[in-house]
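Scroll down for the structure; my scribbles are underneath it.
Here the structure is a predicted model, which is why all the values come from computation and not from measurement.
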Amino acid sequence: MKQLTLFKCATVCVGFFFTIGCNQSTDDKTPDAKSDTMQTMTATTADPAKLKAEIQEQETAWSNADNARDVNAVAAFYADDAVSLANNQPMLVGNAAIKKDVEAAMAKRPKGATLSYDVMDAYGEGNYATEVGKTTRKDSTGKVTSTGKYMAIWEKQAGKWVCIRDIGNEDAKEK
């Protein structure tokens, strides 16, 4: 799961660049000018509270699948061409590579350990959203074993949010 958290953070960083809108210069046009060559781009900025709630729903479902150790369900949250920037390992490119990494991480995780995601911020335009969040890992007794942070970039494909980039890492442990 440490790798998933890193992947989520990387995804958010990349997503940030996807969410930046472009404006075409219209210096030589008046606002009401009618021209076949004049193109306009209308950016629809999502309601931040609604978007945050939608992404939190995704993260809650994600953690439920992860805690159930359902590799296929976790992999379904990633786009086919997703990229995960995991800690201390090469970049994971594509859903199949991410799925293989998720499976390996789940096999190493102690029984009863859980992971939760808390969306701190989400913003976006159109079909893209960038998320910043925190993770909490607990052992089978409910004791917090680690915390971390991540970023994820989401794209709405066929009406469903899927993760296209992510990166994350754990917080430093107290000595």
E54 side chain to W161 side chain, donor-acceptor N/O pair below 3.5 angstrom: yes
Test log, rule side-chain contact (heavy atoms from CB on, under 4.5 Å), inputs D66 and R109: CA-CA 11 Å; D66 182 70; R109 191 173 51 214; 2.9 Å; yes
Inter-residue atom distance D171.CG - T135.OG1, 0.5 Å rounding: 7.0 Å
G148 backbone acceptor or donor facing N169 side chain under 3.5 Å: no
Heavy-atom closest pair, residues L51 and G124: CD2-N, 3.5 Å
Main-chain N/O of Q157 paired with N127 side-chain donor or acceptor, under 3.5 Å: no
Trace of the side-chain contact (heavy atoms from CB on, under 4.5 Å) decision for Q58 with E131: CA-CA 11 Å; Q58 288 294 108; E131 168 198 9; over 6 Å; no
Inter-residue atom distance S116.OG - K134.NZ, 0.5 Å rounding: 9.5 Å
Shortest non-hydrogen separation from V119 to A122 and the atoms involved: CG1-CB, 4.3 Å
Trace of the side-chain contact (heavy atoms from CB on, under 4.5 Å) decision for K111 with S140: CA-CA 7 Å; K111 289 188 180 214; S140 60; over 6 Å; no
Aromatic ring pairing F77/W62, orientation class (parallel under 30°, perpendicular over 60°, tilted between): parallel
In one Ile/Leu/Val/Met/Phe/Trp/Tyr side-chain cluster, 4.5 Å: V93, L85: yes
Approximate separation, where rounding is to 0.5 Å, of I164 CD1 and Y78 OH: 12.5 Å
Inter-residue atom distance D101.CG - L92.CG, 0.5 Å rounding: 4.5 Å
Side-chain donor-acceptor contact under 3.5 Å, D139 with T145: no
Distance, nearest 0.5 Å, that separates OH of Y117 from CG of N64: 11.0 Å
Check: M106 main-chain N/O paired with R69 side-chain donor or acceptor under 3.5 Å: yes
Derivation of the side-chain contact (heavy atoms from CB on, under 4.5 Å) call for K149 and M120: CA-CA 10 Å; K149 61 271 184 199; M120 305 305 298; over 6 Å; no
Heavy-atom neighbours of K100 NZ exceed 12 at 6.0 Å: no
Side-chain donor-acceptor contact under 3.5 Å, T60 with Q56: yes
Between CD1 on residue I55 and SG on residue C163, distance to nearest 0.5 Å: 9.0 Å
Closest non-hydrogen atom pair, A79 against N95: O-CB, 3.7 Å
